[in-house]
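The figures that follow rest on heavy atoms only: side chains count, while hydrogens, waters and symmetry mates do not. Quick note on labels: first sequence line is chain A, next is B, and so on, each numbered from 1. Because the structure is a prediction, the values reported are computed rather than measured.
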Protein chains: 2
Amino acid sequence: MNVKTLCLAILSFGEATGYDIRKRAAEGPLSYFIEASFGAIYPALDRLWREGLIEKRREARPGRPSRKVYSLTEAGEKALVEALHQPLTPDVFKSEFLLVALLADYVEPKHMAQLAHAKRAELEQRLEQLRSALDACESEAMRWVLSYGIAVHEAAIRFMQVADRPDPSRHCGA
Amino acid sequence: MNVKTLCLAILSFGEATGYDIRKRAAEGPLSYFIEASFGAIYPALDRLWREGLIEKRREARPGRPSRKVYSLTEAGEKALVEALHQPLTPDVFKSEFLLVALLADYVEPKHMAQLAHAKRAELEQRLEQLRSALDACESEAMRWVLSYGIAVHEAAIRFMQVADRPDPSRHCGA
DNA sequence: GTTCACATGTAACAGGTTACATGATTGG
DNA sequence: CCAATCATGTAACCTGTTACATGTGAAC
């Protein structure tokens, strides 16, 4: 999932600036499984443009900073389709939170509880975001992906609600 | 979650070789949220040893290739505890599979169904691994982490079972 | 006899992040 | 006026991966 493909993917939903792309990738409802920073996006966009996979339109709006609006070319769409048929790289999930939870004996229970609480709040916030995105969405594929995220987030939150309790027998996944 | 902390964390469960650590990180039940390759582990181990955070014991066993068994020092345990109290870096989830699912309109339905099937099989395999690890585990913290993984994997599998169906109304997370 | 699991390491390379550099407009 | 948001870009750096390089014993 390199940044180039990511840019093509987002542009397949319509034209956008580098700023837009970064925002959708890092803050939007899709951010639960994609990622990209400015430092990666701008060079990628430039490379894609030089390869003829996207088109650039300079939008100089009086007042506001002028911007470069990119959109997919036919070649770009072809490249995207090809990328989608490439063998998938395995999904990645890395969690420092779980690493700390694994070594919970080394930290004060209070601190651990605080971390768990924060994590739950984070999950709930994302869940809310996913839900409202689902409400406002027509694309079936998008709905599927959003619903997947919702299902997984709900499960994580449910688990933490139960496992938060001090009763150890609750932890055992029975 | 850099490799050094990861090594300390695994060593906190008992002595191990670089080979062991990589195996647990990349193939064990914990691999659902941690990751490390040889090329990262060996240099990290060497650095940790030079910093006095771990001890090295050369085990030259007649016949089998000799190996270096590492174990935490007191300083290492202290360093681990300190690392665990550092502010958490956000969890990372990246999924190329979901990116393709998002753009499902660009691929043949057959191909997409195949990918979904493979993903489900993968999730089920991991789930099995997590379950048997839970059965064989006494540490409460470990049980918690394993159970978390089980809960999330179960939810993902459940979702895919429902959403696999051709009926679109099933997709909408209602 | 050949493949698999054990076992350690290095070097080149890729990929992306962080911090820096700049600047306008809007809203409080 | 000050902060936040919009907007683009570069360069140094870090971290880790991939591929290479090597070797043994066990099991089939």
J.: Write out all pairs satisfying ring pair (Phe, Tyr, Trp, His ring centres under 6.0 Å) with one or both partners inside residues 82-101 of chain A, taking only residues at least two apart or from two chains.
T.: A:H85-B:H111

J.: Just to verify, what does B:Y70 make a ring-ring contact (aromatic ring centres under 6.0 Å, His included) with, not counting sequence neighbours?
T.: none

J.: Decide, yes or no, whether a salt bridge links B:E27 with B:R22 under the criterion of side-chain N to carboxylate O below 4.0 Å.
T.: yes

J.: Grab the N/O contacts between the protein and nucleotides 16-20 of chain C below 3.5 Å, and write none if there aren't any.
T.:
| from | atom 1 | to | atom 2 | distance (Å) |
| --- | --- | --- | --- | --- |
| C:dG16 | OP1 | A:V3 | N | 3.4 |
| C:dT17 | OP2 | A:S37 | OG | 2.5 |

J.: Where along residues 15-34 of chain B does a heavy atom come under 4.0 Å from DNA chain D, residue by residue in number order?
T.: none

J.: From CG of B:L6 over to C1' of D:dT15, roughly how many Å is that when rounded to an integer?
T.: 14 Å

J.: Any chance you could pull the hydrophobic cluster mates of B:F38, using side-chain heavy atoms under 4.5 angstrom and chaining through other members?
T.: B:Y19, B:Y42

J.: Expressed in angstrom and rounded to an integer, what is the separation of A:Y42 atom OH from D:dA11 atom P?
T.: 16 Å

J.: Would the distance check show the side chain of B:T17 and the main-chain N or O of B:V69 forming a donor-acceptor pair, the cut-off being under 3.5 Å?
T.: no

J.: Can you measure B:D46 atom CG to D:dT15 atom P for me and round it to whole angstrom units?
T.: 16 Å

J.: Just to verify, what does A:E55 make a salt bridge (charged side-chain N to carboxylate O under 4.0 Å, His left out) with, not counting sequence neighbours?
T.: none

J.: To the nearest 0.5 Å, what is the distance between CD1 (A:I41) and NZ (A:K23)?
T.: 13.0 Å

J.: Would you indicate whether B:Q125, at its atom CD, is surrounded by more than 12 heavy atoms from other residues, nucleotides or ligands within a distance under 6.0 Å?
T.: no

J.: Starting at atom CD1 of B:I41, determine the distance to atom C1' of C:dT10, rounded to an integer number of angstrom.
T.: 15 Å

